[in-house]
Amino acid sequence: MTAAAPAEIRRVLIAKPGLDGHDRGAKVIARALRDAGFEVVYTGIRQTPEMIAEAALQEDVDAIGLSILSGAHMTLFPRIVEELRKRGLDDVVVWAGGIIPAADAAKLREMGITAVFGPGSPTTETIAFLRAGGGRSA
Amino acid sequence: MQRKVVPPPGLLPVAGGGGEKFSGSKVALRPTTPLRDAPSDSPAPNGAPGGAPLSDSGTQGTASLEVPPADSSSTAVSGSAASRSRPHPPASAERTDVQLITTSSEPVERLYGPAHFREADYAAKLGNPGLPPYTRGLHPTGYRGKLWTMRMFAGFGSAEETNARFHYLLANGNTGLSIAFDMPTLYGYDTDDPQAEGEFGTCGVAVCSLADMEVLLEGLPLDQVSTSMTINSPASFVWAMYLVAAEKRGIAWDRLAGTTQNDILKEYIAQKEYIFPPRPSLKLVVDTFAFATEYVPRWNPVSISGYHIREAGATALQELAFTLADGIAYVQAAVDAGLDVNEFGPRLSFFFDVHNDFLEEVAKLRAARRVWAKVMRERFGATNERALWCRFHCQTAGVSLFAEQPENNVVRTAIQALAAVLGGAQSLHTNSLDEAIALPSEKAARIALRTQQILAYESGVANTVDPLGGSYAIEALTDRMEAGCWEYFRRIDAEYGGMVEAIEQSFPQREIADSAYRYQREIDSKERLVVGVNAFTEGNDEPVSIPIHAISEESKQRHLARLRRVRGERDAIHHAEALAKLERVARDGRENTMPAIVEAVRAYATLGELCGVLRMVYGEYREPALV
């Protein structure tokens, strides 16, 4: 991928970082995105930042959705962003869903997590967000 | 690799695994499960469309005028019932803007009547409280004899902070303890393990060794309150820490009361906090049954849990059926290991979710007692009455809580708690209003406890036993739950050869994922309205002041210092010998593992070390990724 990549998002990785096994949201969003026409790869649970970045590279995805409910997002998300940079994947859209307090969400946006969806967000919001390019400039 | 490609519709016709059910147009906006609305003992045709006019979406709204009213379809179901009431006038005035279905997407009839419950069936189907099949309750006096235990789940940060929260809860009228452990503890890692990065204390308290447990329990009246511990894969180790901590304070094991969740099967199904593969994990569970029966007679060595199954998206029926199917698997494993069902049977306990749909939840809990009594008596030949008892803890549904207008969560929790009480729960945890946002604050936890106290002392519902018993609707829904359980048990046995095999082949996992997706689709399409989420959102923009309960670095450092001290100061020889003994016992596979575990805990082996030994012997489980 290069900086000149088109803004269109077609291929998406859904990932579960950390130890938390609450995978209901990850599975639901994976199905909803697939039914909306995206190609979706789901990592399964208990993924380290390295594993997620490596999967993003190998699967050549345009966007990564991180699902987390354990509260470890402020530690794990920056590490994922860093691992993506190391692999030259700066232009991959990264967004998140789960139990993430608003103050943390603001900080995460500064780190490059372009959107955070909490409990109760309809899947249509995520679909619209990705169709609009996921906050990524073309 | 654990990865799995989910193709978009049209790219590949079949995704395999869970994907195939949802390829193309098979995504269901409406219930796909057969409806079971007949009493369990009547020859009901499967799929009787009890709620047909109600459950179709808007496009058929006007068509419902021509369709027979909801009531008449069940005339066909129980046609032999002479006493059946006549159909009511056409359902022309019924709402079609949302689906009139339960939280589990099951239709309900407009009216239930005498055909749904015959007085002549009273003794066989209900029985008075205290009599089989225990539909109305386990004890003749119900809550007049003993109120449910108000047991608030708590735990965060280091042992010191959680110990302080427990003292606070007891001072406020909490009548039982319930310990939440942090993620590394649940997965059997010490806090300084690389796998534990960022997870210290966020979801519960960190317990790495006996030293942490001693601090956690300091000053708590262990011989007077019962303690529940939500721990599964490493349950044997953490239970051993509790036993040894009590012993060091001079409290004999036979005076300890409590519960270890220790339900590994639902981890593979739903919560995913497994470490070892299913078969050796089952062996560890059965070892605790034998150990508890012999040495800790007031302890419940397992809490067979539907909670996590439900939170992962199961319907009420799936929660009940898969939980009881797990129970069947544990009993079978224990019987196979030579234990007497009449001896360990009374120590089994259960744990259910209570979601929003009030009638459905009450019916589920009443059906749980009836089905389990029949399972224990008919399938396992139990004769000890207490072995027939389905005793259960309830927790209100975390998944029903939202960050939008969080004060409304108090109302949701109150309704759910009322269902638990009318369903006859032995103990109850009520969730705090801020749980969709952060760890519960002290004030939010207090409101949740006060909700239970208002139910217990102000509402009057605790004054009479099973006050909803005999309600046509409740009895019809209870029957439907029961019939659904038998059908799931039949499928699990006939198609998979048992629950362990069904889990290994992802059967319950697929069923749950399908239900979770259906539920989300109903919300996204607004066929199901959720207040403050997809309807009535005025006020969502108002700022909420929920204090965020953050875990301090100081707390982490204090905990890590204790861990280092334990490793440095323990008797190295005792420690090494105890771990070697545990490895020998685990490899041999015949002896009970508990005595070796207790000895290793006495030697201050850490949780990471203990699990490390068993990881080496048993291996680690990896699940296939499935959506």
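The sequence lines fix the lettering, A, B, ..., with proteins before strands; numbering per chain opens at 1.
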Margin query: Between the side chains of A:Asp20 and A:Lys16, is the shortest nitrogen-to-carboxylate-oxygen separation below 4.0 Å, so that they form an ion pair?
Written below: yes
Margin query: Between A:Asp23 and A:Arg46, does any NZ, NE, NH1 or NH2 come within less than 4.0 Å of an OD or OE carboxylate oxygen?
Written below: no
Checklist line | Partner chain A: residue of B:Glu267, B:Gln271, B:Glu197, B:His308 with the largest heavy-atom pair count (under 4.5 Å) | finding: B:Glu197
Check: When heavy-atom pairs shorter than 4.5 Å are enumerated against chain A, which of B:Cys203, B:Ala270, B:Ala312 gives the highest number?
Finding: B:Ala312
Notebook entry, point to check: Is it the backbone or the side chain of A:Leu76 that comes under 4.5 Å from a heavy atom of chain B, or both, or neither?
Noted result: side chain
Notebook entry, point to check: If you measure from the Lys or Arg side-chain nitrogens to the Asp or Glu carboxylate oxygens, is any gap between A:Glu59 and A:Arg11 under 4.0 Å?
Noted result: yes
Item checked: Partner chain B: residue of A:Pro101, A:Ser70, A:Pro122, A:Pro119 with the largest heavy-atom pair count (under 4.5 Å) -> A:Ser70
Margin query: I'd like to know if B:Glu527 and B:Arg521 make a salt bridge, using a cut-off of under 4.0 Å between side-chain N and carboxylate O.
Written below: no
Checklist line | Per-residue contact mode, B:Glu404 against chain A (heavy atom under 4.5 angstrom) | finding: side chain
Next item on the list: For side chain to side chain contact (heavy atoms under 4.5 Å, CB included), just list the numbers for A:Ile29 and A:Phe117, CA-CA rounded to whole Å, side-chain angles, deciding distance to a tenth of an Å, and then say yes or no.
Entry: CA-CA 11 Å; A:Ile29 201 71; A:Phe117 297 102; over 6 Å; no
Next item on the list: Against chain B, work out which of A:Val28, A:Leu33, A:Thr75, A:Leu19 has the most heavy-atom pairs shorter than 4.5 Å and name it.
Entry: A:Leu19
Check: With a 3.5 Å cut-off and no angle check, do the side chains of B:Tyr621 and B:Ser281 form a donor-acceptor pair?
Finding: no
Notebook entry, point to check: Quick one: do A:Glu83 and A:Lys86 make a salt bridge, cutoff under 4.0 Å?
Noted result: yes
Next item on the list: Would you mind checking which part of B:Gln195 comes under 4.5 Å of any heavy atom in chain A, side chain (CB onward), backbone (N, CA, C, O), both or neither?
Entry: both
Check: B:Phe402 and B:Ala436: which non-hydrogen atoms are nearest, and at how many Å?
Finding: C-CB, 3.5 Å
Item checked: Part of B:Gln520 lying under 4.5 Å from any heavy atom of chain A -> side chain
Notebook entry, point to check: Out of A:Ala32, A:Gly25, A:Gly18, A:Gly118, which one racks up the most heavy-atom pairs below 4.5 Å with chain B?
Noted result: A:Ala32
Note to self: Need one label for B:Tyr274: side chain, backbone, both or neither, based on atoms under 4.5 Å from any heavy atom in chain A.
What the structure shows: both
Check: Which atoms of A:Ala102 come close to chain B, meaning under 4.5 Å heavy atom to heavy atom: side chain ones, backbone ones, both, or neither?
Finding: neither
